[in-house]
Amino acid sequence: MQQKKHIKLGLLSCLFAFSGLSSCQTMRADERKEPVGKVVGQPLYSNFKYTGKDAFYSENPIVPGQFYSTILQGCYPDPSITRKGDDYYLVASSFVMFPGVPIFHSKDMVNWKQIGHALNRESQLQVGTAGISEGVYAPDIMYNPNNDTFYMITTQFASGIGNMVVKTKDPKANNWSDPIKLQFDGIDPALFFDDNGKAYVVRNDAPDKGKELYTGHRVIKIWEYDVATDQVIPGTSKIIVDGGVDLARQPIWIEAPHIYKKNGQYYLMCAEGGTGGNHSEVIFSSSHPMGPYTPAKNNPILSQRHLPADRPNKVDWAGHADLVQTADGEWYVVFLAVRPNEKNRVNTGRETFVLPVDWSGEWPVFEGGMEPLKALVRTPKGIESSKEKSGFFPNGNFTFNDKLNGKTLDERWIALRGPREKFLLDEKKGLAIKPFAVTVQEKKPISALFYRQQHIAFTAEVEMDYTPGSEKDFAGITCLQSEKFNYVLGVTKSNNEYYIQLERTENGITKVFAQQQLSRSGKMKLRVSATDDDYTFSYALDGSSFQHLGGTVSGDILSTDVAGGFTGAMIGLYATSAYETPVAK
């Protein structure tokens, strides 16, 4: 079920440099005249294997006519979707992940492929000193049939960019424009293109100065938008929702607005209640895009907050939704939700879910949206699931194998705060990392390649060939929720001896959790496994006899309820040349 997108790590990195990356960093080993896998202080990784085994999926196997509601597992939050003909495109938040804003394509709403990232150049994404939950929030993708152009509008909380839009004629070409800075405040902007050629921007914003009534009081504003200049039209701003459905109840965080048009009526759909346990989706209607908007009587139309906390296979935090009509006239909705572990911790982050929608009446009805969310939902008419098909983004329980060699890198591998090409070295026997003098605990671009944790129960392992040259050298694997909360299992050198150690960083304080002297450096396997909140880290010098280091440790620091923020845990291949030995446990 592997999905490959060809990212040239050799010659084509020169083209990346020409198109906006600062330099052509990636060279083959034979060009450097260095022995493959034997460069001191430079780890060579190969044969990465990730296996997920969640009860949520094993207890609910795919059956004909159904597919998994979690179409994007792991940290793919704040989904937005659009359609041109029978082509569907979906994007999600990426924060400081580089490249940013992953973009997926489907022909049927069920089988998805990642085709790239909307922000893949440094001229588009400037997050080099941002915290992991800063950066790019809540992208909205929209196709404008009036000029045959796709737009991705978002807020970039870094480098003073703020609200911005990029555009392209073809999302498959990975050639989105440089950002166009938009002249308004607020967050979560979304575009709406009316069939008469007019365009609008809606977004979350603060109430007018002096009119904030309580903490979390927000409003939804609308601007007219000029597609010729890609700017809002001055003087057209208007508040169309104050607080939420019922201001008297002091609703919080009305956000993520989207406008739709159906049968001549305009519908405004928003998230309400914040992106945690009180999350929900609400809807309003109007005869004009600028309002006034009237809320539906049956709001919310999506939420899990009212359900028993001890329900089995719990899905929670549902909201931040976007609707799409299929080419056959059916409606579906994508939204974020979480699958907590047995201790109600959220390590996989906010994931992208989908539900069928019945819009035969005045208001859309999310099928099962107010009931405990199920693992399986019905497919559109005549569509089959990708469960047994290769080449599509996998979901459910699956194994992802990546040899990490050759000239390609799967699009699911991302870096933090800077381009992958600046530290990745394409080798014939694996993928080498040229270490930066930066550690994972810093708010800087780091020399680490990350894969999102996509299951509550998983095992990830990788082969590493590494010899540290000094006490400043360190390489291994990391399970990272943020720069302040992470585990690192790796090899370093001290007094001319080699050691493998497990470190735990909690709230920015790093401690050695366990340490073992090694008989040699060089080739070994590293592994991390998790079952709910229990994580184990291990290594094998002979490739098969794994030894646990540190016993069973808690995954608490990899959960958003402990670490805070908006991301999910990630598994990283990591190296640094600026290692400092932390204090003992």
Task: Minimum heavy-atom distance between Ile115 and Asn174, given as atom pair plus value - done: O-ND2, 2.7 Å
Open item on the list: Could you report the tightest heavy-atom contact between Leu44 and Lys429, atom names first, then the distance?
Closed with: CD2-O, 4.1 Å
Task: Candidate pair Asp178 and Ser123, rule side-chain hydrogen bond (donor to acceptor under 3.5 Å, both in side chains), full reasoning - done: CA-CA 6 Å; Asp178 277 347; Ser123 59; 2.7 Å; yes
Open item on the list: Can you see whether Phe392 has Lys113 sitting over its ring - NZ or CZ less than 6.0 Å from the centre and within 45° of the normal?
Closed with: yes
Task: Near-ring test Phe56/His455, centroid separation under 6.0 angstrom - done: no
Task: Worked verdict on Asn344 versus Lys314 for side-chain hydrogen bond (donor to acceptor under 3.5 Å, both in side chains) - done: CA-CA 9 Å; Asn344 208 37; Lys314 180 167 68 172; 3.0 Å; yes
Open item on the list: With side-chain hydrogen bond (donor to acceptor under 3.5 Å, both in side chains) as the criterion, how do Glu351 and Thr70 come out once you've worked through the C-alpha distance, each side chain's angles and the decisive distance to 0.1 Å?
Closed with: CA-CA 7 Å; Glu351 304 175 311; Thr70 39; 5.6 Å; no
- [ ] Answer yes or no: is there a donor N or O on one side and an acceptor on the other, between the side chain of Asp532 and the main chain of Glu342, under 3.5 Å?
- [x] yes
TODO: Report yes or no: is the cationic atom of Arg412 (NZ for Lys, CZ for Arg) closer than 6.0 Å to the six-membered ring centre of Phe393, at no more than 45° off its axis?
DONE: yes
- [ ] Could you tell me if the ring centre of Phe537 sits under 6.0 Å from that of Phe513?
- [x] no
Task: Shortest non-hydrogen separation from Ala118 to Met152 and the atoms involved - done: CB-CE, 4.1 Å
- [ ] Fit a plane to each ring of Tyr76 and Phe104, take the angle between them on a 0 to 90° scale, and name the class: parallel (under 30°), tilted (30 to 60°) or perpendicular (over 60°).
- [x] perpendicular
TODO: Identify the residue among Phe458, Tyr68, Phe398 that makes a ring pair (Phe, Tyr, Trp, His ring centres under 6.0 Å) with Tyr57.
DONE: Tyr68
TODO: Could you give me the CA-CA distance, side-chain angles and deciding distance for Thr399 and Thr51, then say whether side-chain hydrogen bond (donor to acceptor under 3.5 Å, both in side chains) is met?
DONE: CA-CA 4 Å; Thr399 295; Thr51 301; 3.2 Å; yes
TODO: Specify the closest pair of heavy atoms between Val127 and Ala158, including all atoms of both residues, with the distance to one decimal.
DONE: CG1-CB, 3.9 Å
Open item on the list: Other residues, nucleotides and ligands only: do more than 12 of their heavy atoms fall within 6.0 Å of NZ on Lys493?
Closed with: yes
Open item on the list: salt bridge (charged side-chain N to carboxylate O under 4.0 Å, His left out), that's the test. Do Asp561 and Lys343 meet it? Break it down for me.
Closed with: CA-CA 11 Å; Asp561 57 310; Lys343 291 191 176 180; over 6 Å; no
Task: Presence of salt bridge, Arg350 and Asp78, under 4.0 angstrom - done: yes
- [ ] Kindly determine whether Lys472 and Glu580 satisfy salt bridge (charged side-chain N to carboxylate O under 4.0 Å, His left out), including the steps that lead there.
- [x] CA-CA 7 Å; Lys472 292 289 186 181; Glu580 296 286 346; 2.3 Å; yes
TODO: Give a yes or no on this: more than 12 heavy atoms of other residues, nucleotides or ligands lie within 6.0 Å of atom NE2 of His105.
DONE: yes
Open item on the list: Looking at every non-hydrogen atom in both residues, tell me the closest pair between Ala318 and Ala337 and how far apart they are.
Closed with: CA-CB, 4.1 Å
Task: The single option from Val101, Asp140, Thr352 passing side chain to side chain contact (heavy atoms under 4.5 Å, CB included) against Val91 - done: Val101
Open item on the list: Can you tell me which residue among Asp533, Asp534, Asp316 is in a salt bridge (charged side-chain N to carboxylate O under 4.0 Å, His left out) with Arg345?
Closed with: Asp533
TODO: Return the minimal non-hydrogen interatomic distance between Ser46 and Val462, and the atom names on each side.
DONE: O-CG2, 3.4 Å
Open item on the list: Centre-to-centre under 6.0 Å for Tyr539 and Phe546, is that the case here?
Closed with: no
Task: Ion pair check, Arg218 and Glu255, cut-off under 4.0 Å - done: no
TODO: Tell me yes or no: between the side chains of Asp473 and Ser577, is some donor less than 3.5 Å from an acceptor?
DONE: no
Open item on the list: Checking Tyr535 against Asn347: is there a side-chain donor and acceptor pair closer than 3.5 Å?
Closed with: yes
